[in-house]
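Both ligands and their constituent atoms are indexed starting at 1 by order of listing.
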Amino acid sequence: MIELKNVTKSFDGKNKVVSNLNLKIEKGEFVVLIGESGCGKTTTMKMINLLEKPTKGEIFIDGENVKSQDLMELRRNIGYVIQKVGLFPHMTIGENIELVPTLKKWSKEEKKARTFELLELMDLPAEDFYYRYPNELSGGQQQRIGIARALAVNPEIILMDEPFSALDPITREKLQDEMMNLQDELGKTIVFVTHDMDEALKLADKIAVIKDGEVIQFDTPEEILKNPANHFVEYFFGKDRMWKTPEMLLAKDIMKKKFGKIGVKGSPARAIEIMKERETNTLIVVDREGEKKQKPVGVVTRNMIMKNNGHSMKMKEIMASSEDFIIDENTNMVEVLNIMSKINFRSIPIVNKDKLLVGAITPISLLNIITEISPSIEGGEL
Ligand SMILES: Nc1ncnc2c1ncn2[C@@H]1O[C@H](COP(=O)(O)OP(=O)(O)O)[C@@H](O)[C@H]1O
Ligand SMILES: [Mg+2]
């Protein structure tokens, strides 16, 4: 775990580049620091491995103050990847990756075995690449070497400062994917700096939004999109981004909590009455009317009642039984739309993990959420 406590940094003794910053990064987390250029991301990062000394405040790794750790040992145990990879041009790829293992006095065989393993992990044929020089490699390949080098002695923590920002979009996306796989596989604690929102949303378990050296919000991508801490965060991430990532919107974010319903023992005539009162054509049918805890059993519409000439029939015989279309509250919007497109009525029950009714989604609730998050759609495209 990495913990920054009230960390402040100023270079000239006056202006605070980082100001009273608090951050707690759990073991195995992929945390992205994001913010505009000059907001203090790199400085924050460099203080973690003491490339910069905090002016005030403390930094702990696994509970131990970094100040009391041996500096060389600290740096060797934290992998560091930067935008300009910083490979030594006169050293082979193998020698570059083996820098820290060499400092740690690993044997030749140990080093080579590890480097081969890392090259394969980075999808670079080891037999070939081990002996080549950096300038014979493409930008993306060089960046892979940079990552391999950072992983060489298997550090628990990896700091990455805009590692992919100089790459073309396709290579960049490929490396992002590889980084995510790597994280799944190796479970490292990763602190990753970027100024690219899409990159942050894609990679992060948690995002720290930094402005003027302060953390404005530290949360999961979902929470940042749904509940931006203030206008800056909202502006920074863009409201319509949510619409671009509908898989982050869940049924419980969209559903209405007030909607028409009727007990399964209620008569069709009464259903029509409730529909009139509520100015709706659709009711959720529940197992027990008037109770606090209810389970949905179906949906009934005015058409179903009329078509069956159903005034004398039982609700159960008329309604659409909900077995096929009940939606769990954590279902994402893409799936919700998918299910809604398969049914021919306009209200769908949402349940919690105990199968109890917690809400309903209607086309109106969908429309509401869409206009709320996507001002650009208001012009009548729907
Ligand atoms: N060694 C330094 N000496 C003086 N000012 C610095 C130094 N390093 C960074 N700064 C200043 O600190 C601020 C934050 O820089 P930095 O952490 O690199 O921002 P970011 O990585 O978010 O772009 C900038 O205004 C920068 O000019
Ligand atoms: Mg920077």
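Atom CD1 of Ile284 is separated from atom NZ of Lys261 by 9.5 Å, given to the nearest 0.5 angstrom.
At most 12 non-hydrogen atoms from other residues, nucleotides or ligands lie less than 6.0 angstrom from NZ of Lys16.
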Which is it for Phe164 and Phe192 under the ring-ring contact (aromatic ring centres under 6.0 Å, His included) test, yes or no, and what are the steps along the way?
-> CA-CA 10 Å; Phe164 307 145; Phe192 188 107; 5.7 Å; yes
Take Glu199 and Lys202 through the test salt bridge (charged side-chain N to carboxylate O under 4.0 Å, His left out) and record every step on the way to the result.
-> CA-CA 5 Å; Glu199 187 165 70; Lys202 176 171 174 178; over 6 Å; no
Evaluate the salt bridge (charged side-chain N to carboxylate O under 4.0 Å, His left out) criterion for residues Asp196 and Arg172: first the C-alpha distance (whole Å), next the side-chain angles of each, then the deciding distance (0.1 Å), finally the verdict.
-> CA-CA 12 Å; Asp196 177 336; Arg172 180 177 211 187; 3.3 Å; yes
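The salt bridge (Lys or Arg N to Asp or Glu O under 4.0 Å) test applied to Glu127 returns no partner, not counting sequence neighbours.
Side chain of Glu36 to backbone of His195: no donor-acceptor contact under 3.5 angstrom is found.
Excluding waters, the set of protein N, O or S atoms lying under 2.8 Å from the Mg ion (ligand 2) comprises Thr42 OG1.
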Got a list of side-chain donor-acceptor pairs under 3.5 Å for residues 116-126, not counting sequence neighbours?
from	atom 1	to	atom 2	distance (Å)
Glu117	OE1	Arg114	NH1	3.0
Glu120	OE2	Ala126	N	3.2

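Taking the ring axis of Phe30 as reference, the NZ or CZ atom of Lys206 does not stay both within 45° of it and closer than 6.0 Å to the ring centre.
Near ligand 1, residues Phe11, Val17, Glu36, Ser37, Gly38, Cys39, Gly40, Lys41, Thr42, Thr43 come within 4.0 angstrom through at least one heavy atom.
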